[in-house]
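One structure below.
Quantities reported herein were computed from a predicted structural model and do not represent experimental measurements. Every number for a ligand or one of its atoms is a count from 1 in the order of the listing. Residue indices begin at 1 and follow the sequence shown.
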Amino acid sequence: MGCKQKFFQKSLTTNHTNQHKPYVRYHLIFLVLLFLFLSSCERPEYSRIDVALGTVCTVTLFDQGKNSIYNDIFNRIREIENLMSIRITASDLSRVNASAGIEPVQVHEETFKVIKRAVYYAELCGGAFDPTVGTLVSLWGFNGGTPRIPSQEEINSVLPLINWRNIELYPETNSVFLTQHNMILDLGAIAKGYAVDEAARITKKAGITRAIIDLGGDIMVLGEKKDKGLWNVGLQNPDDEQGITIGYLKLSESAVVTSGVYERFFIEEGNRYHHIFQPYDGYPVNNGLLSVTIIAENAMDADALSTAAFVLGYEKGRALIESLPSAEAVFIFQDYTIQTTPGVNLVITDKSFN
Ligand code: AMP
Ligand code: MG
């Protein structure tokens, strides 16, 4: 538009004795500018950072990153957000919750797939992972409200609503029914991972072989570094500000997802209260762990497993991860010790951890 305005201003002041030449010249300039503008749309970008799924998303496509591919990726992330976010009233998830105790709700097949996977993990880990924790998340004010410690009576009143067995799935119609009134399904522990997998799928489909997708700490690295070396993925210090790392994981072609006490929390009377709950008593996980990081082939599974292992605690969490063929884990404890499964390639740079 700006270019067009300039062009008209200039053509109005052109010399009448030589009318056509300036017109052609400015037309050409306009076309060249238009070409440069369009080609700049396709110029490789180093990274794109945007807010989606309630978090900061950073996608870095190497080699042939184009605006159009970044657009496809971020549009896809927003589609998933519109289906699975608890904060969007018209999302599939909100519709399922609004009909809790009333009737089954038909959802998009993707939403159905993610809910089904969440139920699978709930069963696999005996309910430590439970996507029906939504009432607890709200009660403790981690769903947009003011975080606070609820009374024991309030906690007792919502505990009967937390039970993944009260999710009924109807695969013939992709319908979901929460059997109890006021139940709240929450996909916060798994949906981001699914979005990472979808972003990776689009990236690969576009022919990009080297990329880093980071949706608020749920990470996927594709390919290797340019020199064929492994990527270094920073491991967050769970006891420090976001972005401060204790070291890095060396890997290629993997998902890396962490669940920890540092993502959303408040401190009262010296105690930290965070957003991952023990479904059996309604309190934030307090088992000596600060964080659990899972390395796996896909991010949806890594996401569910990081939450599950964090809630299960070190012994049971490690047993769960070791029972799975392609998952590895890093456990960081409150006393700053670290345990890893055998396949982890971790370089610790912060010497207060060992
Ligand atoms: P993540 O960061 O992946 O561990 O997910 C944490 C989010 O999952 C929280 O913000 C809650 O929305 C939800 N959540 C909390 N506790 C649990 C739990 N025990 N099982 C499943 N989801 C949970
Ligand atoms: Mg998770």
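The aromatic rings of Phe310 and His274 sit perpendicular to each other, their planes meeting at more than 60°, with 30° as the lower class boundary.
Checking only distances, Val311 never comes within under 3.5 Å of ligand 1, N or O to N or O. At least one N or O atom of Thr307 sits closer than 3.5 Å to an N or O atom of ligand 1. Taking only nitrogen or oxygen atoms, main chain and side chain alike, Val137 does not reach within less than 3.5 Å of ligand 1. For ligand 1, the polar-atom distance check against Thr258 finds no nitrogen or oxygen pair separated by under 3.5 Å.
Closest protein heavy atom to atom 15 (C) of ligand 1: His275 O, 3.2 Å. Remark: minimum distance from atom 20 (N) of ligand 1 to any protein heavy atom is reached at Asp130 N, 2.9 Å. Taking atom 5 (O) of ligand 1 as the reference point, the nearest protein heavy-atom neighbour is Ala189 CA, 3.3 Å. In terms of protein heavy-atom proximity, atom 3 (O) of ligand 1 is nearest to Asp303 OD1, 2.9 Å. From the protein, the heavy atom lying nearest to atom 19 (N) of ligand 1 is Phe277 O, 2.9 Å.
Counting the atoms of ligand 1 from 1 in the order shown, those under 4.0 Å from a heavy atom of Gly188 are 3 (O), 5 (O), 7 (C), 8 (O). Every atom of ligand 1 with a heavy atom of Pro279 under 4.0 Å away is listed here by number and element: 19 (N). Less than 4.0 angstrom separates some heavy atom of Asp186 from each of these atoms of ligand 1: 11 (C), 12 (O). Each of the following atoms of ligand 1 lies closer than 4.0 Å to a heavy atom of Ser259: 1 (P), 3 (O), 4 (O). The ligand atoms of ligand 1 that sit less than 4.0 angstrom from a heavy atom of Glu263 are 2 (O). Applying the 4.0 Å criterion to heavy atoms of Ile276 picks out, from ligand 1, the atoms 4 (O), 6 (C), 15 (C), 16 (N). Which parts of ligand 1 touch Phe129 is read off a 4.0 Å heavy-atom cut-off, strictly below it: atoms 20 (N), 21 (C).
Looking only at atom types and distance, the side chain of Asn156 has a donor-acceptor partner in the side chain of Gln152 under 3.5 Å away. One side chain, Glu328 or Thr341, offers a donor N or O that lies under 3.5 Å from an acceptor on the other. No hydrogens or angles considered: a donor-acceptor pair under 3.5 Å links the side chains of Asn67 and Arg48. Judged purely by distance below 3.5 Å, without hydrogens or angles, the side chains of Tyr121 and Asp301 pair a donor atom with an acceptor atom.
Around the NZ atom of Lys116, the shell of radius 6.0 Å holds no more than 12 heavy atoms that belong to other residues, nucleotides or ligands. Sparse packing is recorded around CD of Glu123, with 12 or fewer heavy atoms of other residues, nucleotides or ligands lying under 6.0 Å away.
Between the Ser47 side chain and the Thr60 main chain, no donor and acceptor come within less than 3.5 Å of each other. Using a distance-only test at 3.5 Å, with no hydrogens or angles considered, no donor-acceptor pair links the side chain of Asn174 to the main chain of Phe112.
Summarising the geometry, atom CZ belonging to Phe62 is positioned 11.0 Å from atom OG1 belonging to Thr209; distances are rounded to the nearest 0.5 Å. Distance check: Tyr248 OH to Thr349 OG1 gives 7.5 Å after rounding to the nearest 0.5 Å.
Between atom 17 (C) of ligand 1 and the options Val133, Leu136, Ile184, the minimum heavy-atom separation is to Val133.
Proximity of Arg264 to ligand 1, defined as any heavy-atom pair under 4.0 Å, is confined to the side chain (atoms from C-beta onward). With a 4.0 Å cut-off on non-hydrogen atoms, Ala128 touches ligand 1 through its backbone and not its side chain. Here Lys192 has no heavy atoms under 4.0 Å from ligand 1, in either its backbone or its side chain.
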Next item on the list: Before giving the answer on salt bridge (charged side-chain N to carboxylate O under 4.0 Å, His left out), spell out for Asp239 and Arg272 the whole-Å C-alpha distance, their side-chain angles and the decisive distance to 0.1 Å.
Entry: CA-CA 11 Å; Asp239 213 10; Arg272 186 200 289 256; 3.0 Å; yes
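Under the 4.5 Å side-chain criterion, counting only non-hydrogen atoms from C-beta, Val176 is not in contact with Val105. Between Pro147 and Tyr273, every side-chain heavy-atom pair lies at or beyond the 4.5 Å cut-off. Looking at heavy atoms from C-beta onward, Leu249 lies in side-chain contact with Val344 at the 4.5 angstrom threshold.
Just one of Leu289, Asn287, Leu290, Val261 meets the side-chain contact (heavy atoms from CB on, under 4.5 Å) condition when paired with Gln334; it is Leu290.
Listed by chain and number, Ala189 O, Asp303 O, Asp303 OD1, Thr307 OG1 are the protein N/O/S atoms closer than 2.8 Å to the Mg ion (ligand 2), with waters left out.
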